[in-house]
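Report on the following structure.
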Amino acid sequence: MSNYKIETKCIQSGYEPGNGEPRVLPIYQSTTFKYNSSEQMGRLFDLEENGYFYTRLQNPTNDAVAAKICDLEGGYAAMLTSSGQAASFYAVMNICEAGDHIVCASAVYGGTYNLYAHTIRKMGVEATFVDPDCTEEELDAAFQENTKAVFGESIANPALVVLDFEKFAHAAHAHGVPFIVDNTFATPINCRPFEWGADIVTHSTTKYMDGHASCVGGAIVDSGNFDWEAYAGKFPGLTTPDETYHGIVYTERFGKGAYITKATAQLMRDLGSIQSPQNAFLLNVGLETLHLRVERHCENAKKAAEYLQNHEKVAWVNTPALPGDKYYDLAQKYMPNGTCGVITFGLKGGRDAAVRMMDALQMIAIVTHVADARSCVLHPASHTHRQMNDQELKEAGVQPDLIRFSVGIENAEDIIADLQQALDQV
Ligand SMILES: *Cc1c(COP(=O)(O)O)cnc(C)c1O
């Protein structure tokens with residue numbers, strides 16, 4: 001990890017060209033890599049030596065971008081995945097198998113909820129969802145003998161709940177399991193979960209990191225801090241021999257790198273959800289301006305929220321960035337420089353008014369996406385969260401009239417003018 005400030009890391013980390021090499025990170029658009037001897041290639045397959053042989057496992061472009069994200073988070077090792085969903089899946093399945101259990105904050109992205117509530121359940125891994133605002137006792141009660149991880153989002157999409165990291169980290173560690181945080185919305189510019197006790201961080205790089213809505217992608221970063229060997233019985237995948245690599249034990253061979261090495265050498269090998277080097281290149285271009293964009297997103301979101309708060313047709317506005325919000329104090333503690341560019345609001349006319357207002361917007365588009373340069377809106381109850389029933393919506397912190405507004409980096413006056421003309425038509 002370099003000692004540079006975060007703005008410098010956005011530009012400089014991950015790739016350092018040697019003499020006469022390309023200044024800009026090259027796209028290694030190659031599935032495979034050439035070796036002079038069969039013996040040498042064999043050692044790579046046995047994880048005896050570090051090196052590239054097939055892009056499904058590792059690729060130099062992807063590795064450079066993963067190293068940058070690792071540095072931004074202050075982690076030990078990182079990997080890219082094909083999507084944020086793949087990152088959430090791998091992060092948990094790297095340490096869980098059939099018969100295991102996880103504890104998850106109930107206010108999470110709809111896709112994450114489906115993945116943990118339904119899909120991994122079919123693979124034998126159960127999740128208990130807890131109210132992120134629960135007491136320490138309630139959180140404690142969610143753990144079982146077979147619990148292997150705790151998961152939450154730093155700022156929940158779209159509930160905008162700020163996670164009390166210290167409470168969740170404390171509970172996870174008291175039960176001898178790692179605390180995994182999806183840091184997509186806050187980004188490492190505003191919040192670094194490792195500084196508050198998280199062990200593993202995941203990202204949908206599709207959002208602010210890419211920032212231009214051009215590539216779906218994900219990342220997993222390991223702090224290297226969780227002591228797998230201290231709880232060896234819980235994590236046999238990391239602490240007992242892997243027969244598919246002649247019986248190596250990940251914690252013995254790779255130390256702090258055990259978790260990411262296993263996820264790469266085993267899960268990526270077998271499941272193959274890799275990011276393409278081309279997409280990793282574009283992600284890296286996005287990362288170079290992450291610090292500038294996130295600051296402007298937050299500034300514009302505050303202005304838009306203040307405008308909406310003072311509008312007579314608006315019933316409520318949620319943003320942990322403004323005083324009076326339920327999560328303002330937690331945001332001040334964990335992300336004092338800013339939260340995210342996403343805010344939510346409801347109109348006095350309820351669900352119908354929400355749909356009418358959205359249809360009247362001119363510049364601000366209705367799209368499924370969130371957290372890119374262009375302002376956009378979405379109605380989760382009819383879009384991303386439409387598979388959920390009313391009870392599930394409530395638990396996820398999504399009111400039926402909620403409009404999710406991802407405030408872009410256009411001029412704030414133009415954004416507000418569009419809101420104004422659309423509200424005039426409701
Ligand atoms: C979008 C999103 C995901 C899923 O990421 P994809 O890249 O769309 O697969 C996970 N977590 C959060 C917080 C998200 O916003």
Side-chain angles (χ1 to χ4, degrees), residues 62 65-66 69 73 79-93 102 104-120 127 129 132 151-163 165 180-191 193 198 200-221 271-276 279-280 282-283 286-287 290 294 297 301 320 327 335 339-344 367-372 376-378 380 383-388 396-398 402 404-407:
N62 291 19
V65 181
I69 294 172
E73 287 288 1
M79 67 197 282
L80 299 186
T81 57
S82 56
S83 66
Q85 284 301 105
S88 304
F89 179 62
Y90 280 41
V92 163
M93 294 310 277
I102 63 167
C104 183
S106 59
V108 287
Y109 174 65
T112 307
Y113 178 83
N114 284 334
L115 172 65
Y116 293 160
H118 303 294
T119 299
I120 65 169
F129 291 88
F151 187 97
E153 285 175 19
S154 50
I155 307 175
N157 173 11
L160 304 181
V161 170
V162 176
L163 198 66
F165 291 117
I180 307 174
V181 173
D182 178 337
N183 196 30
T184 298
F185 265 28
T187 83
I189 302 302
N190 284 339
C191 175
I200 292 152
V201 160
T202 60
H203 279 281
S204 166
T205 61
T206 317
K207 312 299 165 53
Y208 290 116
M209 283 193 166
D210 168 47
H212 301 79
S214 56
C215 300
V216 174
I220 306 173
V221 189
L271 301 171
S273 320
I274 56 155
Q275 190 162 132
S276 80
N279 280 5
L282 291 167
L283 168 59
L287 287 168
L290 183 67
V294 163
H297 277 292
Y327 298 101
M335 43 197 85
T339 54
C340 66
V342 179
I343 64 175
T344 59
V367 299
T368 305
H369 203 248
V370 67
D372 78 84
C376 60
V377 287
L378 180 95
H383 305 140
T384 45
H385 288 60
R386 75 183 288 142
Q387 305 89 339
M388 291 189 174
V398 182
L402 179 151
R404 184 181 73 182
F405 180 18
S406 177
V407 184

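Note that ligands are numbered from 1 as they come in the structure, with each ligand's atoms numbered from 1 the same way. Count residues from 1 along the sequence.
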**Over all atoms of both residues, closest heavy-atom pair of G286 and H212** = CA-CE1, 4.2 Å
**Prompt:** Which protein heavy atom lies closest to atom 12 (C) of ligand 1, and at what distance to 0.1 Å?
**Reply:** D182 OD2, 3.4 Å
**Request:** Identify the two heavy atoms, one from L80 and one from V65, that lie closest to each other, and give their separation to 0.1 Å.
**Result:** CD1-CB, 4.0 Å
**Message:** Under 3.5 Å between any N/O of S88 and any N/O of ligand 1: does that happen in this structure?
**Reply:** no
**Fill in**
The closest protein heavy-atom partner of atom 5 (O) of ligand 1 is S204 OG, 3.0 Å
**Request:** Distance to 0.1 Å, residue and atom name: give those for the protein heavy atom nearest to atom 4 (C) of ligand 1.
**Result:** Y109 CE2, 3.4 Å
**Complete:** When distances are taken from atom 7 (O) of ligand 1, the protein heavy atom at minimum range is T206 OG1, 2.6 Å
**Asked** If every non-hydrogen atom of A87 is compared with every non-hydrogen atom of A219, which pair is closest and at what distance?
**Response** CB-O, 3.6 Å
**Asked** With a cut-off of 4.0 Å, which atoms of ligand 1 are near a heavy atom of F185?
**Response** 15 (O)
**Asked** Can you name the closest pair of heavy atoms from A159 and A107 and give their distance?
**Response** CB-CB, 4.1 Å
**Item:** Interfacing atoms of ligand 1 (cut-off 4.0 Å, heavy-atom, S83)
**Value:** 7 (O), 9 (O)
**Message:** Quick check: closest heavy atoms across D210 and L283, and the distance to 0.1 Å?
**Reply:** N-CD1, 3.7 Å
**Message:** Run the side-chain contact (heavy atoms from CB on, under 4.5 Å) test on H369 and T206 for me, step by step, so that the C-alpha distance in whole Å, both residues' side-chain angles and the decisive distance to 0.1 Å come before the verdict.
**Reply:** CA-CA 9 Å; H369 203 248; T206 317; 3.6 Å; yes
**Closest non-hydrogen atom pair, L271 against F89** = CD1-CE2, 3.8 Å
**Asked** With a cut-off of 4.0 Å, which atoms of ligand 1 are near a heavy atom of Q85?
**Response** 4 (C), 5 (O), 6 (P), 9 (O)
**Complete:** Residue, atom and distance of the protein heavy atom nearest atom 2 (C) of ligand 1 read K207 NZ, 2.4 Å
**Item:** Output field: ring centroids Y116/F129 closer than 6.0 Å
**Value:** no
**Item:** Contacting atoms of ligand 1, where contact means under 4.0 angstrom from a heavy atom of E153
**Value:** 13 (C)
**Message:** Using a 4.0 Å cut-off to any heavy atom of N157, which atoms of ligand 1 qualify?
**Reply:** 14 (C), 15 (O)
**Asked** To the nearest 0.1 Å, how far is atom 6 (P) of ligand 1 from its closest protein heavy atom, and which atom is that?
**Response** G84 N, 3.3 Å
**Message:** With a 3.5 Å distance limit and no angle check, can you tell me whether Y90 reaches the backbone of I220 through a side-chain donor-acceptor pair?
**Reply:** no
**Prompt:** Does G217 have a non-hydrogen atom less than 4.0 Å from ligand 1?
**Reply:** yes
